[in-house]
Amino acid sequence: GAGVSQSPSNKVTEKGKDVELRCDPISGHTALYWYRQSLGQGLEFLIYFQGNSAPDKSGLPSDRFSAERTGGSVSTLTIQRTQQEDSAVYLCASSSNGGASAYEQYFGPGTRLTVT
Amino acid sequence: QKEVEQNSGPLSVPEGAIASLNCTYSDRGSQSFFWYRQYSGKSPELIMFIYSNGDKEDGRFTAQLNKASQYVSLLIRDSQPSDSATYLCAVARRKLIWGLGTSLAVNP
């Protein structure tokens, strides 16, 4: 079946502009995660959705970052007034609900964001 | 102390050898442990997971848990150049807590 998809694959934007990153999870997966990975760095958790709700948004770096999920499916991560330190690969992952399988996360290919 | 720690490496092994990757965790109550592989420029992919009730073998990969010493290991037998990647350890605690990864290089 289809995996997690993300768009765009690459995004170059000017400092101060807003960007929207999209994630389409695996069909039927109720949990959705956003991560950020800077060059040579580990995974930085941003936010977790269960259905359309976000019970854990503790990783969002500032109020310039927001995310929503609609219909229990597609999610959008929005970064307002982008800064150069926002440059990174933004990864989306999904997992099914229930027990330990909730932690078996399947990642999309990522969106490489470059802020100039 | 970080919650999940890994030696950043690089760990270099010859082709055909056993590669041993370790990950230590701080929460003694952790129950589920995950290994992901990340090729350069690619996304992480799940390769193995184990629970606190025992070790697990899958093909050339074996995951082992040492609860007393609070570490998990990933053994890769008959290492191949295609195994060269960064291996990420993650521990489940309401969400996955990630290590920074160990870089493995398998030399032909």
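Protein chains get the first letters and strands the later ones, always in sequence-line order, with residue 1 at the start of each.
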ILVMFWY network linking [X] to [Y], side-chain heavy atoms under 4.5 angstrom:
{"X": "A/Y48", "Y": "A/L32", "value": "no"}
{"X": "B/L75", "Y": "B/Y36", "value": "no"}
{"X": "B/V72", "Y": "B/V4", "value": "yes"}
{"X": "A/L43", "Y": "A/V4", "value": "yes"}
{"X": "A/Y103", "Y": "A/L46", "value": "no"}

Do other residues, nucleotides or ligands put more than 12 heavy atoms under 6.0 Å from the NZ atom of B/K56? yes
Is it the case that atom CD in A/E14 sees more than 12 heavy atoms from other parts of the structure closer than 6.0 Å? no
For B/L88, is it the side chain, the backbone, both, or neither that has a heavy atom closer than 4.5 Å to a heavy atom of chain A? side chain
Which portion of B/Q31 sits near chain A, non-hydrogen atoms under 4.5 angstrom: neither
Does any non-hydrogen side-chain atom of [Y] lie less than 4.5 Å from one of [X]?
{"X": "B/R94", "Y": "A/P55", "answer": "no"}
{"X": "A/V89", "Y": "B/S43", "answer": "no"}
{"X": "B/L100", "Y": "A/Q41", "answer": "no"}

Quick one: CD1 on A/I47 to NZ on B/K95, what's the gap to the nearest 0.5 Å? 11.0 Å
Heavy-atom distances under 4.5 Å only: say whether [X] touches chain B with side chain, backbone, both or neither.
{"X": "A/Q37", "result": "side chain"}
{"X": "A/F45", "result": "side chain"}
{"X": "A/S95", "result": "neither"}

Are A/Y35 and B/W98 close enough that their ring centres sit under 6.0 Å apart? yes
So which atom in B/F34 and which in A/E104 form the shortest heavy-atom distance, rounded to 0.1 Å? CE2-CG, 3.9 Å
Which atom names give the shortest non-hydrogen contact between A/Y106 and B/L46, and what distance separates them? OH-CD2, 4.3 Å
